[in-house]
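Report on the following structure.
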Amino acid sequence: MKATLRPMTATDAAACAAIACASEIGQRYGFELGSLAKTLAAALESGGELFVAEAGGRLAGFAWIDPRGAFSSAPYLRLIAVDESVRGSGVGTALLAEFEARTAWVGRDYCLLVSDFNVAAQAFYERHGYLKAGALPDFARPGITEILMVKRRAGEDR
Ligand SMILES: CC(C)(COP(=O)(O)OP(=O)(O)OC[C@H]1O[C@@H](n2cnc3c(N)ncnc32)[C@H](O)[C@@H]1OP(=O)(O)O)[C@@H](O)C(=O)NCCC(=O)NCCS
């Protein structure tokens, strides 16, 4: 399915929050629709970098990125979620590629955290060149380990 990417706008915030809330991470982390929508809108308002993917004429997913959010130096993928009804059709791949393209100028490895239970997302990132680089037990929620995954920038001077 062909995904078209564009910047997120304030009117997208509720629909994006709904996608994240419906996912397993939303349920395990107890995301709340209204407060996540406000968080996304506030992030936009303060100049945060958020973009959406549209597929089949409707909003299919989104990503929230921070170009230097990892260790105040490296690109960090804060949040990515695709509507369950279109998962497995390339939308996540398009969002991940956009994250890397938009932050390539930073010149550091791409970083993200993924929950230990989220094995489907771990496999997705591994297929796109991310390697497990560490584990943070109880980092965001007690009983859940966050796995640091990093994609090396190939063949460039550091
Ligand atoms: C992780 C996530 C963003 C991937 O998005 P996606 O649109 O499904 O990704 P893609 O379609 O580009 O690729 C998914 C891969 O899984 C396969 N797949 C098949 N059916 C699938 C399904 N129902 N769900 C997910 N992946 C599926 C695809 O074939 C593809 O394999 P490939 O890379 O070998 O081609 C998405 O599953 C998601 O939103 N998960 C819930 C939120 C979440 O966990 N976010 C990550 C937080 S760290």
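If you're wondering where the values come from, they're calculated on a predicted model, not measured in any experiment. By convention here, the first residue in the shown sequence is residue 1. Because only heavy atoms are used, hydrogens play no part in the values below, and waters and symmetry mates are left out as well, while side chains stay in. In listed order, ligands and their atoms are each counted from 1.
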**Q.** Residue, atom name and distance, where the atom is the protein heavy atom closest to atom 48 (S) of ligand 1
**A.** Y125 OH, 3.3 Å
Q. How far is atom 8 (O) of ligand 1 from its nearest protein heavy atom, and which residue and atom name does that atom have?
A.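 The closest heavy atom on the protein side is G88 N, 2.9 Å.
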Q. Could any protein non-hydrogen atom be found less than 4.0 Å from atom 21 (C) of ligand 1?
A.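 So atom 21 (C) of ligand 1 has protein heavy-atom neighbours under 4.0 Å.
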Q. Are G90 and ligand 1 in contact, using a heavy-atom cut-off of under 4.0 Å?
A.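 Distance cut 4.0 Å: G90 passes for ligand 1.
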Polar proximity ligand 1 side, [X] side, N/O cut 3.5 Å exclusive:
| X | value |
| --- | --- |
| G92 | yes |
| V86 | no |
| V114 | no |
| L113 | no |
| I80 | yes |

Q) Are D109 and R153 within salt-bridge range, i.e. N to O under 4.0 Å? A) no
Q: Sort and list the pairs that fulfil side-chain hydrogen bond (donor to acceptor under 3.5 Å, both in side chains) and have at least one residue in residues 30-44, not counting sequence neighbours.
A: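 Checked against side-chain hydrogen bond (donor to acceptor under 3.5 Å, both in side chains) - neighbours excluded - the pairs reaching residues 30-44 are E32-S35.
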Q: Compare M149, R78, Q122, R127 and give the one whose heavy atom is closest to atom 16 (O) of ligand 1.
A: R127
